[in-house]
Protein chains: 2
Amino acid sequence: MAERPEDVGAKLEQELRRGVIVLAALSQLRTQQYGYSLRQALAERGLVIEEGTLYPLLRRLEGQGLLASEWRIEDGPPRRYYTLSPQGEAMLASLAQSWRNMAGIVEGLIGEGKAGDEQPKKRKATP
Amino acid sequence: MAERPEDVGAKLEQELRRGVIVLAALSQLRTQQYGYSLRQALAERGLVIEEGTLYPLLRRLEGQGLLASEWRIEDGPPRRYYTLSPQGEAMLASLAQSWRNMAGIVEGLIGEGKAGDEQPKKRKATP
DNA sequence: CACTATACATAGTATCACACAGTATGTTCG
DNA sequence: CGAACATACTGTGTGATACTATGTATAGTG
């Protein structure tokens, strides 16, 4: 079965989003949030994450010690509020660093070749 | 079992790399390359991809019609050379666009909160 | 009360990077 | 020559995880 190109594109874009999700979530949890509000905050900024993705993610990150959570009751229904733990902050800093590094590499990759356009280096047969 | 933080970090970084791999490979295949040389080219630019990842990836991308390949014999052992197909070029352009969009979002996310630091918007109870 | 938005949770599926192992062909050097 | 190493590709198995779909419950609204 030949896959439709728009499916392929969607899948690749999803993969692109995938690696970023954790970083995005952590970055927003510098201020305390509950899951639903976090999801909306991210969506507002252009990053849509499904509920079935976000909630398990938050539990996972908490299990890894990057987040701390507590139930709280205020206006509406009980909500589970999350914040960065100290390790979470450290991880966020580290991840942000990795991201910037990665972004630099990718920028270089997709930028080059427009001009330049050198051919692939042939493995030297007789040095 | 508590996961060691460096494992967690490594895994997250890997996830970060994951989404980028296809884009990186496509970007380099604007010039014809074989698998091994592609791997080296990417490694030189700071993106290390395992063989067990890259080779299947190339076959997959070819299966999706994004790449064209041919065996060729020159100096050394037979090598399978890959290049972008027209659809591959289109996909590369599209993905690069997605990437830039994503990069902008992430940049905004990790940049904000340093200053600013507004508290989480409370869902208005009475709209 | 029915209906919608909010809020969280879980089971099941599919995808995919990587580890690991294997095959085979150069190249180098004692 | 032949042992060791780099090159070049292939294949299997596994673990992690994003998403779909579905379920539960509460709060506000007509």
Which residues share a salt bridge (charged side-chain N to carboxylate O under 4.0 Å, His left out) with B/Arg72, sequence neighbours left out: B/Glu70, B/Glu74

May I ask you to decide if A/Leu42's main-chain N or O and A/Arg45's side chain share a donor-acceptor pair within less than 3.5 Å? no

Who passes salt bridge (charged side-chain N to carboxylate O under 4.0 Å, His left out) against A/Glu89, sequence neighbours left out? none

By nearest-heavy-atom nucleotide on DNA chain C, the more 5' of B/Val48 and A/Gly76 is A/Gly76

Measure from the side chain of A/Trp71, starting at C-beta and using heavy atoms only, and say which of D/dA18, C/dC18, C/dA9 lies closest. C/dA9

Apply side chain to side chain donor-acceptor pair (under 3.5 Å) to A/Thr53 and list each qualifying residue two or more places apart in sequence or on a separate chain. none

So B/Pro56, base contact, sugar-phosphate only, or nothing? Heavy-atom distance under 4.0 Å. nothing

Taking side chain to side chain contact (heavy atoms under 4.5 Å, CB included) as the test, write out the residues that go with A/Pro56, two or more places apart. none

Is there a residue in residues 15-24 of chain B whose heavy atoms reach under 4.0 Å of DNA chain D, and which residues are they? B/Glu15

If I take atom CD1 in residue A/Ile49 and atom P in nucleotide D/dA18, what distance separates them, rounded to the nearest angstrom? 9 Å

When rounded to whole Å, the OH to C1' distance for the pair B/Tyr36 and C/dT25 reads 13 Å

My understanding is that only residues two or more places apart in sequence, or in another chain, count here; which of them pass side chain to side chain contact (heavy atoms under 4.5 Å, CB included) with A/Glu51? A/Tyr36, A/Arg39, A/Tyr55

Whole-Å distance separating the CZ atom of A/Arg80 from the C1' atom of D/dT26: 17 Å

Rounded to whole Å, please give me the gap between CG in A/Asp7 and P in C/dA14. 15 Å

Report the nucleotide, chosen from C/dA9, D/dT17, D/dA18, that has the shortest atom-to-atom distance to any side-chain atom of B/Lys11. D/dT17

Would you confirm whether A/Ser69, through its side chain, and A/Tyr81, through its main-chain N or O, come within 3.5 Å as a donor-acceptor pair? no

Across all chains, not counting sequence neighbours, the salt bridge (charged side-chain N to carboxylate O under 4.0 Å, His left out) partners of A/Glu107 are B/Arg100

Give me, pair by pair, the N or O atoms of the protein and of nucleotides 19-24 of chain C that are less than 3.5 Å apart, along with how far apart they are.
none

Please report, rounded to the nearest Å, how far the C1' atom of D/dA25 is from the CD1 atom of A/Ile73. 13 Å

Whole-Å gap separating C1' (D/dA25) and OH (A/Tyr34): 16 Å

Between C1' of C/dT10 and CG of A/Leu54, the distance in whole Å: 15 Å

Taking CG from B/Leu57 and C1' from C/dC18, how many angstroms apart are they, rounded to a whole number? 13 Å

C/dA9, OP1 or OP2 - any side-chain N/O from A/Tyr55 closer than 4.0 Å? no

Taking only the side-chain nitrogens and oxygens of A/Arg60, find out if one of them lies under 4.0 Å from OP1 or OP2 of D/dA16. no

My understanding is that only residues two or more places apart in sequence, or in another chain, count here; which of them pass side chain to side chain contact (heavy atoms under 4.5 Å, CB included) with A/Glu13? B/Ser98

